[in-house]
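Note that the coordinates shown come from a computational prediction; the quantities given were computed from them, not determined experimentally. Ligands are counted one by one from 1 in listed order, and the atoms in each one are counted from 1 as well.
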Amino acid sequence: MRALKEISSLVLLVCCGLTCHLSAQNQSPCCKSIEKSACVQALPVYADVNQPIEARVEDALARMTLEEKVALCHAQSKFSSTGVPRLGIPEVWHSDGPHGVREEIEWDSWSPAGWTNDSITAFPALTCLAATFNPRLSMAYGISVGEEARYRKKNVLLGPGVNIYRTPFNGRNFEYLGEDPFLASRMVVPYIKGVQSNGVATCVKHFALNNQEEDRMHIDVEVSDRALHEIYLPAFKAAVQQGGAWSIMGSYNKYKGQHGCHNEWLLKRILKEEWGFDGAVVSDWGGTHDTKEAALNGLDIEMGTYTNGLSTGRAFAYDDYYLANPFLQLLKSGEIPVSVVDDKARRVLRLIFRTSLAPNRPLGRTVCEDHSRVARQIATEGMVLLKNDQSILPLSVKAGQRIAVIGENAVRSLTKGGGSSELKPKYEVAPLVAMKAAFGAKNILFSYGYSSGRPLYDKVEKAPYDADSLLQAAVKTASQADVIVLVGGLNKNNSQDCEGGDRTEFGLPFGQEALIPALAALNKPLVVVLMSGNAVAMPWLKDAGAVLQAWYTGSEAGNALVDILTGAVNPSGKLPFTFPKRLEDNAAHSFGALSYPGDNVKQQYMEDILVGYRWHDTKRIAPQFPFGFGLSYTSFELGQVTASAPSYQAEDVIRLTLTLSNTGQRDGAEVVQVYASQRKPSVSRPVKELKAFQKVFLKAGERKTVTLDLKASDLAFYDEAAKAWKLENDTYTLQVGTSSNPSKNKVDVTINAASK
Ligand code: GLC
């Protein structure tokens, strides 16, 4: 009898509980029979979006079992990690990449899932964004790509990448923000804020020292503390402390003998303890190699390249991941305290409450006019005019004149390939298509000129074109035109601009170095357009009347290129990395194999802090084109710079003022750059370092007063002995210019750091 009574009251409780939950407001009849509080508590704290996040995290954590906490810490599929099904806490969906939302991938393999509703807007590569030197565009970029990730129901967008450009061979430089830590820091913060304004997390990568693809899975990078803090960490630090990044991706390579994905110094001491990072650390795919290190050194979510987390795929093996059952066993045995998994679970829950369980998230949207406009604006503002003899550009083609468009990159998709940042765009306007639309198809001739290895067959003889016949065909075509536009550069093939390997040659590939002079021999205006993400050798520079660095610019590539070639948009991009004349002029390639690519086990960054223009300045090696350089169709003049005071203390802001005039006939934009150098440092320092920049738009003939603020504390260097930044009392010269070339426009200021 008693059992029956108990069952009936249990049934009553369950049914009422359910009813209450479903209709907490209108007090269903049975609720009167239960404590009012039972009805009021229908919504647990973690599920109540009006509760503070930390209260929701703690409430959820308190309800979770050990197994559920461990499950949060590893993948359940190729691009998702577990939530807490029993509590209704959703799983976490991760997706590449920095330039757009990757197509859906199969649950358990790298193969595309073949969906028909996952095409997106392909935005320009981040190197192009860096070249805009325009943080406002970076915000627009983040908002737009974040909207597309939100619409595709992604919680974590695996980007942006901010690894510093150390060698022109790195296959993934196109994904990053260039060689200067200050530029990268300024450009990454708005992107992060833009993406995360959609309730989508960024996952800033690859933390840290992943500056090449050669041996990336294991190379042990040796670098001084000073270079680590002055060159390789600043963009990540800005991402965390100014951008508020919600997740960080560990790098494959090692540092101090430990893999980046579970590195005590990088993840525990610097990222979480020193910088106060409260988000989740995600491993690179297959970047986890040890359970104890992963548990104790700050990894929070292990994602896998294969279902055993490392090398081979087999039937569901996510439970074998290092942070799965092996981790659970160490927790159960007491060898690892539960507090360790609690910390990880808190960070993953916080990620979930900031994304899928966040209140009032925007809806997101994808493939819309706004996104196309943003993509096109970033592309046109990022393209860098390197040479323009006799103002060949903008093109002035008279009626009846014809343009020969030569080059495989005029027709080839450059959003496919390249590795994990590859995209399936809804559309991608090729340069040839846009040129025909702009100038009339009958005025445009085309020839491949070169081929990146895929056989091109002669229409008549069905014989594959070889390099020489491609060249001859191109010369023949070009001879019938009045202007020649070569659209070449690199591409996303292996050993070009592509993940997983580095370039093996510094020159342009596929026979372009022979093609350019052959075209030049026709004595017609020749424009060379480089679609690439890396510096290249330019033995042919004298042969080209104009050279445009056009990057990888995604869906709007052709339209943006035509905007610049026709003058619809005046180019204003600036190089985010140095173009050396010869590979051996580059710092990383000046110290033998141990410096680059390493000896297959370890690698030493022997140039230390002298990366990029810092090297060229200090070693007095003239570059082909310097960092920060870019021409315009108009001309600008800088007035003499003045400082707001003769001396400053550590916490002061130094305000520089100067006039900028557009002395030409076209509206345009210039990037005013401030480089600082210390007069008598107690340690060796680069000749100068970028410490402020501002992009200024001026109408033809317009003059503006420009002010640039820089923090006196930004003039410090990292003191290895003190393990802290040090600002020395001294005189500092602040040079103002429109590139990193030497400039006489300077002002000296004195720092009395400790005078208070
Ligand atoms: C790759 C890349 C990383 C990417 C991840 C998922 O190996 O290194 O950038 O986000 O795996 O595709």
With sequence neighbours excluded, residues passing ring pair (Phe, Tyr, Trp, His ring centres under 6.0 Å) with Tyr232: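 By the ring pair (Phe, Tyr, Trp, His ring centres under 6.0 Å) rule, Tyr232 matches Tyr605.
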Arg354/Asp278 under salt bridge (charged side-chain N to carboxylate O under 4.0 Å, His left out): CA gap, chis, key distance, verdict: CA-CA 12 Å; Arg354 285 170 164 165; Asp278 71 354; 2.6 Å; yes
Heteroatom proximity flag, Trp285 to ligand 1, N/O under 3.5 Å: no
Backbone or side-chain N or O of Glu499 under 3.5 Å from ligand 1 N or O: yes
Sidechain N-carboxylate O distance under 4.0 Å for [X], [Y]:
{"X": "Glu104", "Y": "Arg152", "result": "yes"}
{"X": "Arg186", "Y": "Asp180", "result": "no"}
{"X": "Glu274", "Y": "Arg269", "result": "no"}
{"X": "Glu179", "Y": "Arg614", "result": "no"}

Atoms of ligand 1 less than 4.0 Å from [X] heavy atoms?
{"X": "Leu158", "result": "10 (O)"}
{"X": "Ser420", "result": "2 (C), 3 (C), 4 (C), 9 (O), 12 (O)"}
{"X": "Arg216", "result": "7 (O), 8 (O)"}
{"X": "Trp110", "result": "12 (O)"}
{"X": "Lys205", "result": "3 (C), 4 (C), 9 (O), 10 (O)"}

Glu148/Thr121 under side-chain hydrogen bond (donor to acceptor under 3.5 Å, both in side chains): CA gap, chis, key distance, verdict: CA-CA 8 Å; Glu148 301 218 355; Thr121 306; 2.7 Å; yes
ring-ring contact (aromatic ring centres under 6.0 Å, His included) partners of residues 152-172, not counting sequence neighbours, each pair once: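 Every ring-ring contact (aromatic ring centres under 6.0 Å, His included) pair that includes a residue of residues 152-172, provided the two are not neighbours, is Tyr165-Phe577, Phe169-His589.
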With backbone taken as N, CA, C and O and side chain as the heavy atoms from C-beta onward, which portion of [X] lies under 4.0 Å from ligand 1: side chain, backbone, both, or neither?
{"X": "Met303", "value": "neither"}
{"X": "Met217", "value": "neither"}
{"X": "Glu175", "value": "neither"}

Close approach, Arg102 and ligand 1, non-hydrogen under 4.0 angstrom: yes
